[in-house]
Number of protein chains: 2
Amino acid sequence: MELNEAKNKYIQTWGSLATSWGINKTMAQVHALLLVSTKPLSAEDIMETLKISRGNVNMNVRALIDWGIVSKEFVVGERKEFFVADKDIWELFKQITKERKKREIEPVIKVLDELQKVDDSTEEGEQFKKVLGDLSFVTTKVNSMLENAIKADEHWLLSNFTKIMKK
Amino acid sequence: MELNEAKNKYIQTWGSLATSWGINKTMAQVHALLLVSTKPLSAEDIMETLKISRGNVNMNVRALIDWGIVSKEFVVGERKEFFVADKDIWELFKQITKERKKREIEPVIKVLDELQKVDDSTEEGEQFKKVLGDLSFVTTKVNSMLENAIKADEHWLLSNFTKIMKK
DNA sequence: TTTAACTTTCAATAATTACTGAAAATTAAA
DNA sequence: TTTAATTTTCAGTAATTATTGAAAGTTAAA
């Protein structure tokens, strides 16, 4: 397989993984593109490669910056902005996990705990409170599993792996 | 807050958590409803409570059965089918994790590993292969973290928690 | 069998989500 | 300053995803 063909397939694959986890496809593809680029890319570069509009590039690049996984970079002699993705994939995983915990898990735990305060001692009410308690417990458990994962420093493992592969 | 109000809020909250993780909202809501029900529910029951069509109920109940988190139950003297959700929330988490691993993570690892075979030794090509290797490594790592999570038997922890809460 | 209760399917449609492109806003060079 | 390059915004539209409802299919009671 030829390099550009492989790159395309990689960008497609990453986009559909994102979609199945509720992340915008284009956002993932822009990120995927920046990840494998050897140099910073401008909005134009991204527009051309992914064949998407300027507005779309702008929105998704902002979102990626907001997620903390892409940053602006200035290129000497150039007026326009360029973008780069942090190439450290373990860092990437940690960052995504951190954001999703904050955005999507923690608010739910809060609501579940709030709802448990309902005052009802019928069988139905007790059953309801038991399920809420269990859901909240498991959600909290998952949340702390993720917390541990992002705290553990696996950098050495990854850099080690890459070194071995280079041989 | 009154019980039905709390139930509604819970069903809504669970539905939107699902949406943000790429799972159909109604599917999550049907499941949420079955979870807090003290008795098996028929298609009609679900239609009425969630105000959705028969077709929609049918499709989503099938999907839940396919995911292994809901099952049919026969009620004596009734012709039609009834459904129940397994009330064990840790089991639920394990089952969902297992399915998503199989459906959405493992196929991606396979593609990434396949693409790494591309034969190209330009700087661009090497960079590409390095990123693919790292992505594959981290994805595999996450996959095995999840594997460990579902293997660990945390049942005692959950049942213990519930007991404490009942006091 | 026949009949009726019940379930499934899926084309049509609705709802949601994502994208475009051009106008407005911003930035910095002239 | 002016001017031109660049970025941002967002109303309109396109694409995708989810839902309905009625017809076809299935099952079991009569």
Side-chain angles (χ1 to χ4, degrees), chain A residues 11-34 40-67 70-84 100 103-104, chain B residues 11-34 40-67 70-84 100 103-104:
Chain A
I11 289 172
Q12 290 315 116
T13 304
W14 210 243
S16 67
L17 176 66
T19 301
S20 68
W21 289 85
I23 294 168
N24 177 290
K25 190 181 84 199
T26 305
M27 177 170 154
Q29 290 182 333
V30 170
H31 183 251
L33 178 62
L34 289 172
L41 301 181
S42 68
E44 272 81 11
D45 296 332
I46 299 170
M47 286 167 67
E48 275 177 33
T49 315
L50 300 182
K51 281 154 186 53
I52 58 178
S53 73
R54 181 176 301 281
N56 201 5
V57 169
N58 188 272
M59 305 269 263
N60 286 111
V61 166
R62 295 306 127 190
L64 288 165
I65 291 174
D66 190 44
W67 272 64
V70 159
S71 52
K72 288 189 193 179
E73 192 160 299
F74 293 94
V75 171
V76 287
E78 290 274 14
R79 164 101 179 255
K80 60 187 162 197
E81 296 177 326
F82 287 77
F83 307 96
V84 288
R100 300 208 77 171
R103 294 173 194 219
E104 293 142 13
Chain B
I11 289 172
Q12 291 314 116
T13 304
W14 211 244
S16 69
L17 176 66
T19 301
S20 69
W21 289 85
I23 293 168
N24 178 291
K25 189 182 82 198
T26 304
M27 179 170 153
Q29 291 182 332
V30 171
H31 182 250
L33 178 61
L34 289 171
L41 300 181
S42 68
E44 273 80 12
D45 296 333
I46 300 170
M47 286 167 67
E48 276 177 34
T49 314
L50 300 182
K51 281 152 185 54
I52 57 177
S53 72
R54 181 176 299 283
N56 201 4
V57 169
N58 187 272
M59 304 270 264
N60 286 111
V61 166
R62 296 306 125 192
L64 288 166
I65 292 174
D66 190 44
W67 272 62
V70 160
S71 51
K72 288 188 193 178
E73 192 160 299
F74 293 95
V75 170
V76 288
E78 289 273 14
R79 166 99 179 258
K80 58 188 164 197
E81 296 177 327
F82 286 77
F83 307 98
V84 289
R100 300 207 78 168
R103 294 173 194 220
E104 293 141 12

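The chains referred to below are lettered A, B, ... by the order of the sequence lines, with proteins before strands, and numbering in each begins at 1. Keep in mind that this is a model prediction, so the values were computed, not measured.
Not a single donor-acceptor pair under 3.5 Å links the side chain of Thr49(B) to the backbone N or O of Ile46(B).
The CG atom of Leu17(B) sits 7.5 Å away from atom CD1 of Ile23(B), with the distance rounded to the nearest 0.5 Å. Taken from OG1 in Thr13(B) to CD in Gln29(B), the straight-line distance is 9.5 Å, to the nearest 0.5 Å. Between atom CD of residue Glu81(A) and atom CG of residue Leu41(A) there is a gap of 13.5 Å, rounded to the nearest 0.5 Å. Taking CG of Asn56(A) as the start and CE of Met27(A) as the end, the distance is 12.0 Å to the nearest 0.5 Å.
In this structure, Arg79(B) and Ile52(A) both approach DNA chain C, and ranking their closest nucleotides by distance from the 5' end singles out Arg79(B). Between Ile23(B) and Phe82(A), the residue whose closest nucleotide on DNA chain D is further toward the 5' end is Phe82(A).
Using a 4.5 Å heavy-atom cutoff, the side chains of Leu64(B) and Phe83(B) are not in contact. For the pair Ser71(A)/Val84(A), a side-chain contact is recorded, criterion being any heavy-atom separation below 4.5 Å from C-beta on.
Going from atom CZ of Phe74(A) over to atom P of dA28(C) covers 8 Å, rounded to whole Å. Between the CG atom of Asn60(A) and the P atom of dT7(D) there is a distance of 16 Å, given to the nearest Å. As a whole-Å value, the separation of Glu81(A) CD from dA25(C) C1' is 14 Å. Distance, Asn24(B) CG to dT17(C) P: 11 Å, rounded to whole Å. Counting to the nearest Å, the P atom of dT16(D) and the NZ atom of Lys25(B) are 21 Å from each other. At whole-Å resolution of the value, CD in Glu48(A) and P in dT20(C) are 14 Å apart. Lys51(A) has its NZ atom 19 Å from the C1' atom of dA14(D), to the nearest Å. The nearest whole Å value for the distance from the CD1 atom in Ile46(A) to the P atom in dT20(C) is 13 Å.
End-to-end axis angle of the helix from dT1(C)-dA30(D) to dA30(C)-dT1(D), from C1' rotation axes over five pairs per end: 10° (rounded to 10 degrees).
A sub-4.0 Å separation between OP1 or OP2 of dT8(D) and a side-chain N or O of Arg62(A) is present. Contact annotation: Asn58(B) does not reach the phosphate of dT7(C) (side-chain N/O to OP1 or OP2, under 4.0 Å).
At a cut-off of 3.5 Å, with distance as the only test, a side-chain donor of Ser42(B) or Asp45(B) sits close to an acceptor on the other residue.
Salt bridge annotation for Arg103(A)-Asp66(A): present, with a cationic side-chain nitrogen under 4.0 angstrom from a carboxylate oxygen.
Within the nucleic acid shown, Arg54(A) comes within 4.0 Å of at least one base atom, counting heavy atoms only.
Among the nucleotides dT7(C), dT19(D), dT7(D), the one closest to any side-chain atom of Lys80(B) is dT7(C). Nearest to the side-chain atoms of Asn56(B) among the listed nucleotides dT7(C), dA18(C), dT20(D) stands dT20(D).
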Could you pull out the protein-nucleic contacts involving nucleotides 1-3 of chain C (nitrogen or oxygen on both sides, under 3.5 Å)?
none

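Screening Thr19(A), Val57(A), Ile52(A) for a side chain to side chain contact (heavy atoms under 4.5 Å, CB included) involving Thr26(A) leaves a single residue, Ile52(A).
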